[in-house]
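The first residue of the sequence shown is numbered 1, and numbering continues consecutively from there.
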Amino acid sequence: MYLDTLKQTGDFLTLTRNNEFSLAAEQFTLSNGTLVEVKDTGVIQFTPATYGDKDIVLSSAVHGNETAPIEICDAFIQDVILQRIELAHRVLFIFGNPKSINIAERFVDENLNRLFNGAHENRTDNPEQIRAAKLESYVSDFFTSVPEGRYRCHYDLHTAIRGSKNEKFAVYPFLHGKPWKKSQLQFMLACGVNTILMMRSAATTFSYFSSFQFGADAFTVELGQVKPFGQNDMSRFSAVKQTLKALISQESVEYDEFNASDFELFQVHRTINRTCDAFSFPFPDSAVNFTGFAKGELLATDGDTTYFAEVEGEAIIFPNAKVALGQRALLTVVPLEVDENFV
């Protein structure tokens, strides 16, 4: 019976880390009327006695060594349980991969953020595949257990392996022809994120799953570079903490009027997958995200195949030469201007 400790401390992260693979579902009600439902290890849902029209998912630890978002969400959960924050909306918090938190690694057997939206189908070879299916079911239940027509959003919080010319940036999932929302860019700006990467194809990420399956406003939000627990300068996350707190605790939040000059927008130019064991980059591990290359410069070598920059200033995102065969080793991006595809 873990509820007494959880009620007293609000420490859901420790409870999650002590139960890496499963946790019996339990629920209780706070004195302010908020229903607290532990769905599983790392999955906790809050339903205020009276709630507004937003259904909000905040996830972290999809990669277990990305500790700053874990610390941010851990603090929010404690504040809600200890009633230091009064929620205005239904909120589902997720710590994605508890075992990878405990071993301080990106993942255990397989990258969890490549296993959503059908990629795990009929696969139970490792815990990440099983976890992806469970997380999808919890998100699905959360969004569909209330009437249709409510506002849905999912912000999947990360930190990146490499540094970046733009410390914080967000990935806007492919919307299948629907326009990008200026209001969501303003929300990101309020979080301290002014660099947005627009995807041009379907993906197997957690944020794409919520966007595609449930029409949620969803982003993968990169808040800086990976650091161990205790080494994050939490003052660098004050804007995102303040904005997320307002999102979950206020009926509505107003943001500044959209101004295109506030943003650096990019679109994917191409994806380079690793297909051979002999895969390498010509640039050092210290090369940061959004580093640009001159047309004709070497970007990657995959066995006998070489990739060169096709346009001037083609920039790299998420380079990782150690991904599994067949997976994305590199995205390249080019600048994007605001046009009729933004509303």
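- By the side-chain hydrogen bond (donor to acceptor under 3.5 Å, both in side chains) test, H154 is found to be paired with S59, S210, residues two or more places apart in sequence or in another chain being considered.
- In this structure, K165 does not pair ionically with E264, as no charged nitrogen and carboxylate oxygen lie closer than 4.0 Å.
- In this structure a side-chain-to-backbone donor-acceptor pair under 3.5 Å is missing from Q231 to P228.
- For N102 and R17, the side-chain atoms include at least one donor-acceptor pair closer than 3.5 Å.
- Checking each of N289, V226, V288 against R162 for a side-chain contact (heavy atoms from CB on, under 4.5 Å) leaves exactly one that passes, namely N289.
- In plain terms, the two heavy atoms of F219 and P173 that are nearest each other are CA-CD, 4.2 Å.
- Remark: F237 CZ to D233 CG distance equals 7.5 Å, nearest 0.5 Å.
- Taken to the nearest 0.5 Å, the CZ atom of F46 stands 9.5 Å off from the CG atom of L92.
- In this structure, L112 and F107 have side chains that are not in contact, with every pair of non-hydrogen atoms separated by 4.5 Å or more.
- The number of heavy atoms from other shown groups lying within 6.0 Å of NZ (K241) is above 12.
- Atoms CG and CG, from L185 and D262 in turn, are 10.5 Å apart once rounded to the nearest 0.5 Å.
- Counting side-chain heavy-atom gaps under 4.5 Å among Ile, Leu, Val, Met, Phe, Trp and Tyr, the cluster of V146 also holds Y51.
- Using a 3.5 Å distance cut-off with no hydrogens or angles, the side chains of E128 and N111 do not pair a donor with an acceptor.
- The structure places NE2 of H120 at 13.0 Å from CG of D125, a figure rounded to the nearest 0.5 Å.
- You'll find the side chain of K39 stays beyond 4.5 Å of the side chain of K134, heavy atoms only.
- Here the side chain of N320 pairs a donor or acceptor atom with the backbone of K322 at under 3.5 angstrom.
- Using a 4.5 Å heavy-atom threshold, the side chains of P127 and R131 count as separate.
- Side-chain contact between F21 and T41 is absent, with no heavy-atom pair separated by less than 4.5 Å.
- L298 shares a hydrophobic cluster with F308; the chain of contacts runs through ILVMFWY side chains whose heavy atoms sit under 4.5 Å apart.
- Side chains of F95 and C73 form a contact here, defined as non-hydrogen atoms less than 4.5 Å apart.
- For the atom pair T5 OG1 and L15 CG, the distance stands at 8.5 Å (nearest 0.5 Å).
- Other residues, nucleotides and ligands contribute over 12 non-hydrogen atoms within 6.0 Å of the CD atom of E121.
- No more than 12 heavy atoms of other residues, nucleotides or ligands sit less than 6.0 Å from atom CZ of R236.
- Put simply, CZ on F142 and CD1 on I94 are 9.0 Å apart, with the number rounded to the nearest 0.5 Å.
- Pairs of residues two or more places apart, or lying in two chains, that qualify as salt bridge (Lys or Arg N to Asp or Glu O under 4.0 Å) and include a residue from residues 54-65 are D55-R90, D55-R150.
- Under the 4.5 Å side-chain criterion, counting only non-hydrogen atoms from C-beta, Y307 is not in contact with T332.
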Check your understanding: Does the pair Q186 and D256 meet the rule for a side-chain hydrogen bond (donor to acceptor under 3.5 Å, both in side chains), with working shown?
Key -> CA-CA 7 Å; Q186 289 304 112; D256 292 339; 5.5 Å; no
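- Both Y172 and V240 are assigned to one and the same hydrophobic cluster, defined by single-linkage of ILVMFWY side chains at heavy-atom distances under 4.5 Å.
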Can you give the donor-acceptor pairs under 3.5 Å from side chains of residues 78-88 to other protein atoms, not counting sequence neighbours?
from: Q78; atom 1: NE2; to: D74; atom 2: OD1; distance (Å): 3.3
from: Q78; atom 1: NE2; to: D74; atom 2: OD2; distance (Å): 3.4
from: D79; atom 1: OD1; to: R84; atom 2: NE; distance (Å): 2.7
from: D79; atom 1: OD1; to: R84; atom 2: NH2; distance (Å): 2.9
from: Q83; atom 1: OE1; to: S31; atom 2: OG; distance (Å): 3.2
from: Q83; atom 1: OE1; to: N32; atom 2: ND2; distance (Å): 3.4
from: Q83; atom 1: NE2; to: S31; atom 2: OG; distance (Å): 2.9
from: E86; atom 1: OE1; to: N32; atom 2: ND2; distance (Å): 3.4

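- Between N113 and H63 the shortest side-chain heavy-atom distance falls below 4.5 Å.
- Below 30°, between 30° and 60°, or above 60°: for F214 and F143 the angle between ring planes is between 30° and 60°, a tilted geometry.
- Within 6.0 Å of atom CG in D304, 12 or fewer heavy atoms from other residues, nucleotides or ligands are found, so the atom counts as exposed in its surroundings.
- Aromatic ring centres of F281 and F279 lie closer together than 6.0 Å.
- Around NZ of K295, the count of heavy atoms belonging to other residues, nucleotides or ligands within 6.0 Å does not exceed 12.
- Ring geometry for Y255 against F187 counts as perpendicular: the plane angle is over 60°, on a 0 to 90° scale with 30° as the lower cut.
- Side chain of E136 to main chain of N117: a donor-acceptor pair is present (N/O by atom type, distance under 3.5 Å, no hydrogens or angles).
- Between the side chains of N259 and S261, at least one donor N or O sits under 3.5 Å from an acceptor N or O.
- The distance between the ring centers of F169 and F318 falls below 6.0 angstrom.
- Checked against the 6.0 Å centroid threshold, F93 and F12 do not count as a close aromatic pair.
- F116 and L58 fall into different hydrophobic clusters, where Ile, Leu, Val, Met, Phe, Trp and Tyr are joined by side-chain heavy atoms under 4.5 Å apart, directly or via other members.
- Following chains of ILVMFWY side-chain contacts shorter than 4.5 Å, one cannot reach V57 starting from L157, and the two form parts of different hydrophobic clusters.
- Side-chain contact between P179 and F342 is absent, with no heavy atoms from C-beta onward closer than 4.5 Å.
- The backbone N or O of Q250 sits less than 3.5 Å from a side-chain atom of H89, completing a donor-acceptor pair.
- The environment of Q242 atom CD is sparse: at most 12 non-hydrogen atoms of other residues, nucleotides or ligands sit within 6.0 angstrom.
- By the ring pair (Phe, Tyr, Trp, His ring centres under 6.0 Å) test, F174 pairs with H176, sequence neighbours left out.
- Listed for the T243 side chain is a donor-acceptor partner under 3.5 Å among the backbone atoms of A190.
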